[in-house]
Each structure stands twice: as C-alpha cells, then as structure tokens.
Amino acid sequence: MTLRQQSSPHTRGARSTAHIMLWVIVATLPGLIVQTIFFGWGNLINVAWCIALAIGAEAAVLRLRQRPLKFYLSDNTAALTGLLLGLALPPFTPWWVSAVAVIAAIVMAKQLYGGLGSNPFNPAMVGYALVLISFPVAMTTNWAAPAGLFQGAPGFLETLGLIAAGKQTAIDAYTMATPLDVYKHDIGALVAEEVRQHPSFGTGVAKGWEWVNLGFLAGGLVLLYLKIITWHIPVSVLAALVVMSLAFGSNQDLYAPLSLHLLAGATILGAFFIATDPVSAATSHQGKLIYGAGIGLLLYVIRTWGSYPDAVAFAVLLMNFAVPFIDHYTPPRTYGHNKARRGIASKSAG
Amino acid sequence: MRKLWDFPGGIHPPQHKSQSNSQPIRFAGLPQKLILPLQQHIGSPAETRVAVGTTVLKGECLAAAIGTLGVPVHAPTSGKIEAISRQPVPHPSGMVDWCITLIPDGLDTWCERRAMPDYAHHPRPEVLARIRDAGVVGLGGAGFPIHIKLQPPERDKVETLILNGAECEPYITADDVLMRERATEVVEGLNIMAWLLEPAHCVIAVEDNKPEAIAALRAAAEDTLIEIVVIPTKYPSGGEKQLIQIVTGLEVPHGGIPADIGTMCQNVGTAVAVYRAIHHGEPLISRITSITGHAVTTPGNVEAYLGTPVADLLRQAGLQTDRLDRLILGGPMMGYTLQSADVPVIKTTNCVIAAARGELPEPPPEQPCIRCGACSEACPMELLPQQLFWYAKAEEFEKAEHQNLFDCIECGACSYVCPSSIPLVQYYRFAKGEIRAHNAEQLKSDRARERFEARQARLERERGEKEARREERARTAAEAQAKKAEQSGNSDGPALDDRAAKTAAVQAALARKEQKAQQPLTAAQSPDETTEPDIASLEKQLSQAQDKLATMVAMLEEAQTSGADNADKLERAVAKNTERVKRAEEALSAARNEAIQPETTPPSG
Ligand code: SF4
Ligand code: SF4
C-alpha cells in the first residue's frame, strides 16, 4: 500500500484559469450580439479572424519556446486576447491590420515578456494602440454606420469581401464616423443641438452604441456576480469619468456630454473587460481603485483634449505603466498590524 | 445577543461532515499495544519514569514533565511496559521519536485517582499544577500546554474567554459530537477555566452548521453566564485569530498573544479534559477522533486511548485498502499526509481521513499566476498571497518577510481558490523554512564567531602575559647580574660585559618579538619575511577549520533536538573536525615559535 504524499490543502475549488477565461469570453457575447445587430457582420468576422490568429500565433511562439502546446493553449487566454481585439477594432478593419494587432499582442506584448502572467501591459491594448498609431486612416474610417443588420448593412459575404480586400478605407456608403469622433470635430463650430443632427446619433444617446455598451454592461455584471472580477476597477473607471465630465464638461456646447462618454465608444467594454485584465492591473483593492480612477481620468483627458476620439487603449496602457508604483504604495493592512507595510523590503518600514 | 464581526476573506469548501457525525461516539476499545510518544505537545519531551518490564496501572505517570512547557504522559490502561524505543510518530516528515510501548493486560485497573471537585477552595497554583500533572494540552491545535496558557502574563487581564467549538475544517466532527454528547462536561470545564481567569465574558462559539451541538450546549449552559454564540459557517472561522475577531472585533497584534487584547481561546475538547482532570482526577489518556473518508465503510467518531495505532482504528472502521489513496491526519485544509498507518493517536489527533481515489483528487498541474486576486480575496489575514508566492518562488525571502509572510497561518484558503492551481502554501512553508534556517544559521555563526573571537582574545592575552612574565624574569636576571657585577667590582670586566651584552641582546629580541606578536598580520604581509606567509595561511586554515567545526556542532545540536537519524554521522564529523582544528592550532603555534626562534637565540658572542 503506497500512500500518496501531498502538501496541504488536500482539496481545491472547482475554478480554473481556463474556466475563468471562458466565462469572460462568454460574458462578452451579449455585447457582441448587439454589436452585430447594429453594425453588421464586421465585428463577428473580426472576432473569428482575431481568435484564430491569436491561437495560431500563440502556438507558433510556444513551439519556438519549446513549451507544451496543449497545456498552455487550453488556458483560453490567447482566444480572449483575440476576442477583445476583434470587439474593439472597427468593423471594416482590413484583415492585415487586425493581423498586425493580434501578432503584436500575442508575440510582443505577451510571449516576449514570458507568457501568461508575466506581461506588464495589456496585450490586446498593445496591439490596438500599435495599429491605431501606425494605421490611423484604417482605424478611423472603418467604423460601420449603425445601419442595422436587417436594414442596409452589407451582407455577411460582402463584409467578408471588404475585410479580405484589405483596402485601408472601405466603401463610404457603409461606414460612418463614431459619435465621439463626430462630436469632437463638430462641437468647435456648432452647438450641441446641431451636432446631434449627425446620423450617427439617432434619437438616443448614440445610435446603436448605447445598446452595445449596455450589452457589455450586462456581461460585466455577470462577471461581477460570478466574482470573476471585483467591482473596484469598473466602478472607479466610470466614477472618475463621471467626475471629470461633471467638473469640466458640463457645457454640452463645448464638450461631449456625460451620457456620450459613458455609452458611446468602448467605455463599458474597457471598464469591465479590458481594464480588469488581472495580469496587468493593480493588486490590492485600494490599488485597483487608484488604477481604475487613473484610467477614467486619462480616458476623459485624452478624449477631450487629446487628438484621439476614444482612448481606452492609451488610458489602460498608461496606467499599466503605473501599476508597479501603485502596488508599491497600496498594500493591504495585514491582520494584527497597525498599518500597511509599504514598499518592498526596507527594514525600517513598520 | 452578542454583536458578531466578520473576518475578511474565507472560503466555503464542501463540508463532508455528515459522513462522520451521524453516529454516536464509539469506544475504540483496547488495542494489542499502545505506543506513547514522549512528545505529544509543544515543549520539551517528557522524561521516562518507568523501566522496560514494569507493570503499570491505568492513569499512572509514565514520563514526567520537563521544563516549564513540559507535560507528563500517562498510561491509558494497565499493563506492562514492553519497550522504550524510537518509533514512527505522527509528523509531516514521517519521523521517528522516542515512545513507550505498553502492552495492556486487559484488566484496565485504575491507579489511585485524586479528584478535586472542590477546586474553588484550593489555591489557583494548586489547581493549575493538577491540570499540568494530568497532561492536558490544547486538543484542537498544536498541543500547547494548557497550564501555561491559563497563566497569562500579569499585565494581561483576560476579559473574554472563548471556547472554540467552530470546527471549521471539512470532514472533522470530533468536537461536534463531543459538544452534543458531553455538553455538561464542556460547560464544567469552562467553569474551571473561568474560575482561574475570572474573565468578564465566557463564550462558546459554534458554527451554525452544528444545530444539535448548539442545542445541547444551550441546555447545559442554562442558568449560567456562559454565552453560546452561533457564528456563520466559513472557513477558517475556527482559527484562533479569526475566532477572536468574530467574537470581539479585535485583532491579536502582530507578534502578540490573544491575552494582550484581553482574550483567550480554548478548544472545547480541552475543556472536557480539564473537567476530567479536576472533577475525576483522570489524566488525559484518551481523545475523540473522527475516522472518515470514502475508503472506510463505517466512518464515525471514536474515543480512542492515546497510543492506539491509527491502523487499528481504520481496521475497525472497515478500511478498504484497495480503494485507499491517501491518509490525512487532520482536516483536508491543514492536515498532513501520513506515510503509514502505523502511527499512534496522540493528544492532538482530531481526525484521520482515509481518502479513496478521486475523493480528494490530485491538483492539476500548476499554471502561471494570472494575478486574478482570488487568493487575496480569500486570505483571512489580508495578505497578498500572489505577491508572497512571487517572492517565495524567486527566493526573495527578505521581500516576502517584509510582506508579512510570517503572519500567514497556512490555512490554505488561497491555494483552495487559486484557479491556476498553484500550491501556494507549499511555497510559503518553503520560504518560511528557508528564512528560519537562515536566521538560525546566522545566529549560530554569530555565536561561533563570538566564541572564536573570545578565544582568540584570551589566547592573545595569555600570550601577552607569558611574554610579560618572561620579560620580567629577564629583567630581574639582568638586574641581578648588574648587581652582582657591581658587588664583584670591575675585576672580571670583560666577562661581565659579555654577559651584559647578552642580556641586552635578549631584551632587544624580546621587544622585537613582542612587537611582532602584536601585529602578526602586518609582519606576515611584508615581503622580506620568508617564514611569515606560512603563518598567515595557517591562521586562515585554523579559522576555516574552526568555522566548519562550529557549523558541524550546530548541525549536530539541531539533529539531536529534532531526532534526525544522521546524528551519529554528524557526531563523527564533529570529532574529526575537532581533531582537525587541534592540528591546525598546533601547526600554527609551531610555526609561530619557529618564526620567532632564530631571533630569540641571542647572537652568540
Ligand atoms: S489565486 Fe492563484 S492565479 Fe490568482 S492571483 Fe492568486 S496565485 Fe495568482
Ligand atoms: S495560507 Fe496564508 S496566505 Fe493563504 S489564505 Fe491562509 S493566511 Fe492567507
């Protein structure tokens, strides 16, 4: 009788990293479905393309690094990175732009740093920021008009053809600037009332976009409910955005209104799915609040005074930079200690 | 109703308690032999008081308490001492230790018992001594001697005395059934402790998953001031620090003890042991142990004599050897695996889990940490387990220590929730072990250095004194000579001159030598001295040999205290090294003398 020897604990919870990633993937579905309904097949095709490419790129690097393929690929993290890029990129992004983004994300931002868990920057956002800077035209002119899947958006094959053709700009008839973009450009010369005449706004906050964001919000709440994410980051991102908007942008004739900040662009996707990427986020609760608030603040600043209409990628990446610093100053107070021990290992700290 | 507090983190693992708590406590009976380790508690091992072949009565003291922290070991039944030998004892390392083997005679004849039901009329120290003489230790945890715990430092007044009936670990139900069936004994035991400590509040805290135990305690504690406090089921609510936090909202200060904040925790089983010691004069000779897991057909709780081999209890419970995958002593969260069932039940054995294959499956392979924070959400001590893991893995122990590694109670909540299946606690144990070893090493080498330096200083001094004496002698001799010369007049001038010159030469040589003795290294470094480098290297050899000896001695001490089996080898090594040091010393002093000799010989003239 040989008895198995093992160190305690002898039992563990059912949750695995692969499950968590899978749940995050599933939680994006409401947003993805709404996106497809309003903006056509583009995102769905992007998502499929990016996921396939992400898995392929990960497998290639793992092979080069001589790591077991199945073990690492089954953690679903590459698929999630691909998925997030597919959701964030404009629907008519040419295939090769997406490919550059995915490869940059997986190879550069993730694997070159040592793979899962070792990457200081959010891989998807590295990929996104890279193509946004490198191919500004492709990244701004390829947003789909909120025509609706059943009303005039190009069919599946036509969309596929457009993406596969790889032209920097798709057919004008199908594309339209995003509401944030429109507002940013037009508000200098027009008043709010006139800006809102642009077809991208529709009758609500921002045609289509509001529903997409609500879709992502639904998925985000599921993640909260399942305790896959904690409330700290999304709430602080949104809170900072609200505070900034109320403090600086209450005049709608000068600045985009709060509703637009919250429900147009990638705000909710960013707050619930991107900023919450645990690997590159801050560690403690307090740290997460600071990290999230920083993202919300930068998001507002770049959108309002910077040259990009949306800024989730930049805000997240900039705060990724700050994470080691934040972590350094925000350790939790351990039981029985009067105060938290800051820093790394200075003997004098109490 | 008492206000309760929550503690941060915590988990809700499946309980698996109904396997073992649906049957009443069963008496395990007399095994063929009892194996009684001399150390079943924290503190120095007890010292044998019986010889092989002696016949002893039930309850007789077999081994006496040594030191303040010691407690005695008693005969669980009457019989004959068969052996006093090293046997496997319950320990994570599967080590062997000194044990008394008792062959029961089947008569179970008690020795004389001295009960003290009127304890309240006795001085407190006498009652405490009784408790110690009964061998009572904390039955819930590490086996800390209870008479020590019941005498907190003068400055600390215990305001709230908490009996811990939380029993938060899955599978274990020993305290549960004890509270159900022996609630009055629990309450009586608590009364004795309360009489000793005079706390303002007496609380028995039980998790809300034990309604029967709660009802029984309520009935037993009616008309007393004891509060039965029902706490929410959450692991690790039974951790001492967590329970204090739940009941009082206070935190035991880092590096302090519960009494520092006016609290004390005792296990319910301990209370019963105290009760039996005082009211019946019975020493601690048995305990209740859960025998559970899918590899036994009739799980349940047994009252077993201390020393009963675990294998016997498993056999009684219907162990299916072919299904058995692992034996866990304690609970699934903090218990450890046994290498064999041939270890005895000791004072702290609260549960044996005979897990069938697949019951507590082996964890999947470790994946990278995704910093998901699940571990820090679960940590009741509010640590950052992911950070500690990172530092432990990178062997950056100082950083881990700075992040309060030593506040980790090894509850395993973090490992339990980690989605990447990282054996976090194992990393912490490793890091703690390394740090402790390093500190011990540091201490030892500091001590060794101090010893070495003290010795050097003494030798130096002695040498100096010797020189001084010799010089003194030389001077007296010279003076005597001079006197003599004076007395004898100038007649034998040349001879005297010769002698005086000789004396002067001797003195000069001595002065030179003294100078050298004071700065042997500077001399050794000067290139024109041919004999000196030899001394330097010999000195280095000597100090190396001495260092090595010091480490060897330290290792030997450690090996002896922990009873490791390489002690003999180390002993030989120490002897050899002592020899080596001696040789080096001799060589060095010889070399030194040689270096000095040519000059001490006065120029013959
Ligand atoms: S639970 Fe595991 S994977 Fe998550 S942060 Fe902690 S150690 Fe890392
Ligand atoms: S084992 Fe240590 S680090 Fe892990 S949860 Fe328990 S106290 Fe926290």
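On a predicted model such as this, the values are computed, not experimentally measured, just so you know. Throughout, a chain's letter reflects where its sequence line sits, starting with A, and its residues are numbered from 1.
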Heavy-atom proximity to chain A below 4.5 Å, by part of Pro363(B): both
Validation row: Pro419(B), His19(A) side chains within 4.5 angstrom (heavy atoms): no
Minimal non-hydrogen separation, Cys372(B) against Pro278(A), with atom names: CA-CB, 3.5 Å
Residue Leu338(B) versus chain A: region with a heavy atom under 4.5 Å: backbone
Heavy-atom neighbours of Asn338(A) CG exceed 12 at 6.0 Å: no
Per-residue contact mode, Pro13(B) against chain A (heavy atom under 4.5 angstrom): neither
Options Pro332(B), Gly412(B), Gly331(B), ranked by heavy-atom pairs under 4.5 Å with chain A, top entry: Pro332(B)
Most chain A-contacting option - heavy-atom pairs closer than 4.5 Å, from Gln426(B), Met334(B), Lys241(B): Lys241(B)
Gap separating the OG atom of Ser7(A) from the OH atom of Tyr427(B), nearest 0.5 angstrom: 11.0 Å
Engaged part of Cys418(B) at the chain A interface, taking heavy atoms whose separation is under 4.5 Å: backbone
Distance-only donor-acceptor check, side chains Gln6(A) and Thr337(B), under 3.5 Å: no
Which atoms of Thr276(A) approach chain B - backbone, side chain, both or neither, heavy atom under 4.5 Å: neither
Atom OH of Tyr113(A): over 12 foreign heavy atoms under 6.0 Å: no
Minimal non-hydrogen separation, Glu382(B) against Arg333(A), with atom names: CB-O, 3.5 Å
Residue selection (most heavy-atom pairs with chain A, distance under 4.5 Å) from His12(B), Glu251(B), Met381(B): Glu251(B)
Which of Gln367(B), Gln386(B), Gln387(B) touches chain A most, by non-hydrogen pairs under 4.5 Å: Gln367(B)
Toward chain A, the part of Ile261(B) with a non-hydrogen atom under 4.5 Å: neither
Steps toward side-chain contact (heavy atoms from CB on, under 4.5 Å) verdict (Arg429(B), Ser8(A)): CA-CA 10 Å; Arg429(B) 282 202 196 107; Ser8(A) 71; 2.6 Å; yes
Asp325(B), part contacting chain A, at a heavy-atom distance under 4.5 Å: both
Which atoms of Ile20(A) approach chain B - backbone, side chain, both or neither, heavy atom under 4.5 Å: side chain
Donor-acceptor contact present, side-chain Thr11(A) to main-chain Leu360(B), <3.5 Å: no
Heavy-atom closest contact (Tyr335(A) atom, Asp407(B) atom, distance): O-OD1, 4.3 Å
Closest heavy-atom pair and its distance - Glu366(B), Phe71(A): O-CZ, 3.3 Å
Which atoms of His285(A) approach chain B - backbone, side chain, both or neither, heavy atom under 4.5 Å: side chain
Proximity breakdown for Ile328(B) and chain A, heavy-atom pairs closer than 4.5 Å: side chain
Residue Glu359(B) versus chain A: region with a heavy atom under 4.5 Å: neither
Closest approach of Leu116(A) to Pro368(B) (non-hydrogen atoms, all atoms of both residues): O-CB, 3.4 Å
Atom pair CG/OG1 of Leu384(B) and Thr330(A) - distance to nearest 0.5 Å: 8.5 Å
Chi angles and distances behind the side-chain contact (heavy atoms from CB on, under 4.5 Å) call for His10(A), Ile353(B): CA-CA 11 Å; His10(A) 304 273; Ile353(B) 305 173; over 6 Å; no
Separation between CD1 of Ile370(B) and CG of Asp277(A), rounded to the nearest 0.5 Å: 9.0 Å
Interchain contact, Glu377(B) with chain A, by part (heavy-atom threshold 4.5 Å): side chain
Any donor-acceptor pair under 3.5 Å from Arg371(B) side chain to Ala281(A) backbone: yes
Contacting region of Pro365(B) [heavy-atom separation from chain A under 4.5 Å]: both
Which of Pro364(B), Ser376(B), Gly255(B) touches chain A most, by non-hydrogen pairs under 4.5 Å: Pro364(B)
Max heavy-atom pair count under 4.5 Å with chain A, selected residue of Glu362(B), Glu410(B), Glu396(B): Glu362(B)
